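Working notes, beginning with the structure itself.
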Amino acid sequence: MARRYDTNDATDRTTGLREAAAAVRRGELVVLPTDTVYGIGADAFSTEAVGDLLEAKGRGRGMPSPVLIGSPNTLHGLVTDFSEPAWELVDAFWPGALTLVARHQPSLQWDLGETRGTVAVRMPLHPVAIELLTEVGPMAVSSANLSGHPAPEDCDAAQQMLGDSVSVYLDGGPTPGIEPSSIVDVTGPVPVLLRAGALGADELRKVVPDLEVAN
């Protein structure tokens with residue numbers, strides 16, 4: 001039976017974050033608010049939990065889960081060949097609605113799906129998400145919807161779709177943003193905008209002027 005906690009209530013927030021962290025450590029799924037939409041999350045290093053996440057969404061391994069982190073410092077243990085323009089984007093837009101596709105450390109023991117040696121990583125601008133991520137470490141987090149359905153902007157919508165496949169729901173009220181994060185590929189010498197979301201090319205080029213836009 002799924003449990004739900006109102007993170008706008010101080011007592012419920014403390015209990016909910018404790019229960020969500022415990023659930024993640026047990027390899028279970030949680031729903032959490034972010035600065036874009038609600039996400040469904042699991043321990044990024046648990047192959048079984050990530051598989052459960054993809055199954056809950058009805059999503060195949062060909063669409064691997066992004067990873068959310070609670071601090072830019074976490075990148076040092078996750079990615080390799082991270083360029084100077086990539087760090088400039090982190091400095092300018094994290095925490096925030098920018099996902100960076102980078103090469104992950106080959107030594108990492110994780111299976112996020114068919115990533116071809118890369119990871120899509122982001123630090124969200126949401127206190128509940130950051131607090132949970134700081135407690136449990138990197139989480140595989142995807143939008144908390146069934147594949148093909150709209151991404152949820154409140155906890156009710158997420159729970160209606162995902163039900164008891166999730167152990168803990170953290171209800172932070174409506175999310176502050178409805179646009180998805182922008183996705184920039186930083187695996188090459190020049191950053192490439194793969195998806196324009198909350199951040200457009202013009203805004204990103206104020207930081208990395210040579211940014212290219214994928215066809």
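All values reported here derive from a predicted model rather than from experimental measurement.
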Item checked: Note, Pro95 side chain near Asp35 side chain (heavy atom, < 4.5 Å) ->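 No; the side chains remain at least 4.5 Å from each other.
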Notebook entry, point to check: Is there a side-chain contact between Leu162 and Ser165, using heavy atoms and a 4.5 Å cut-off?
Noted result: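 The answer is yes, as the side chains (C-beta and beyond) meet within the 4.5 Å cut-off.
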Note to self: So that I can tick it off, tell me whether Arg61 and Asp111 are bridged by a salt bridge, with the cut-off set at under 4.0 angstrom between side-chain N and carboxylate O.
What the structure shows: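 So Asp111 pairs with Arg61 through a salt bridge.
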Margin query: Between the side chains of Arg13 and Asp171, is the shortest nitrogen-to-carboxylate-oxygen separation below 4.0 Å, so that they form an ion pair?
Written below: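 No, this pair does not count.
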Under the 3.5 angstrom rule, does the side chain of [X] hit a backbone N or O of [Y] as a donor-acceptor pair?
| X | Y | value |
| --- | --- | --- |
| Ser46 | Asp43 | no |
| Trp94 | Leu98 | yes |
| Ser182 | Ala196 | no |
| Thr34 | Pro124 | no |
| Ser143 | Asn145 | no |
| Thr15 | Asp12 | no |
| Thr14 | Ala10 | yes |
| Arg195 | Ser181 | yes |
| Arg59 | Met63 | yes |
| Tyr38 | Gly172 | yes |

Note to self: Taking Tyr5 as the starting point, is it possible to reach Leu132 by hopping between hydrophobic residues whose side chains are less than 4.5 Å apart?
What the structure shows: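 Same cluster.
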Check: Is there a path of hydrophobic side-chain contacts, each under 4.5 Å between heavy atoms of I, L, V, M, F, W or Y residues, that connects Met139 with Val128?
Finding: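 As far as the 4.5 Å side-chain criterion goes, Val128 and Met139 are connected within one cluster.
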Checklist line | Residue of the set Leu211, Val192, Val213, Thr99 for which side chain to side chain contact (heavy atoms under 4.5 Å, CB included) holds with Val184 | finding: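 The single option meeting the side chain to side chain contact (heavy atoms under 4.5 Å, CB included) with Val184 is Leu211.
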Note to self: If you apply the rule side-chain contact (heavy atoms from CB on, under 4.5 Å), what do you find for Thr118 with Thr187, and how did you get there?
What the structure shows: CA-CA 8 Å; Thr118 66; Thr187 59; 4.0 Å; yes
Next item on the list: Scan residues 19-28 for pairs that pass salt bridge (Lys or Arg N to Asp or Glu O under 4.0 Å), counting only residues two or more places apart or in two chains.
Entry: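 Qualifying pairs: Arg3-Glu19, Arg25-Glu135, Arg26-Glu28.
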Margin query: Parallel, tilted or perpendicular, judged at 30° and 60°: which one describes the rings of Phe45 and Trp110?
Written below: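 Taking Trp110 first and then Phe45, their aromatic rings lie parallel (interplane angle under 30°).
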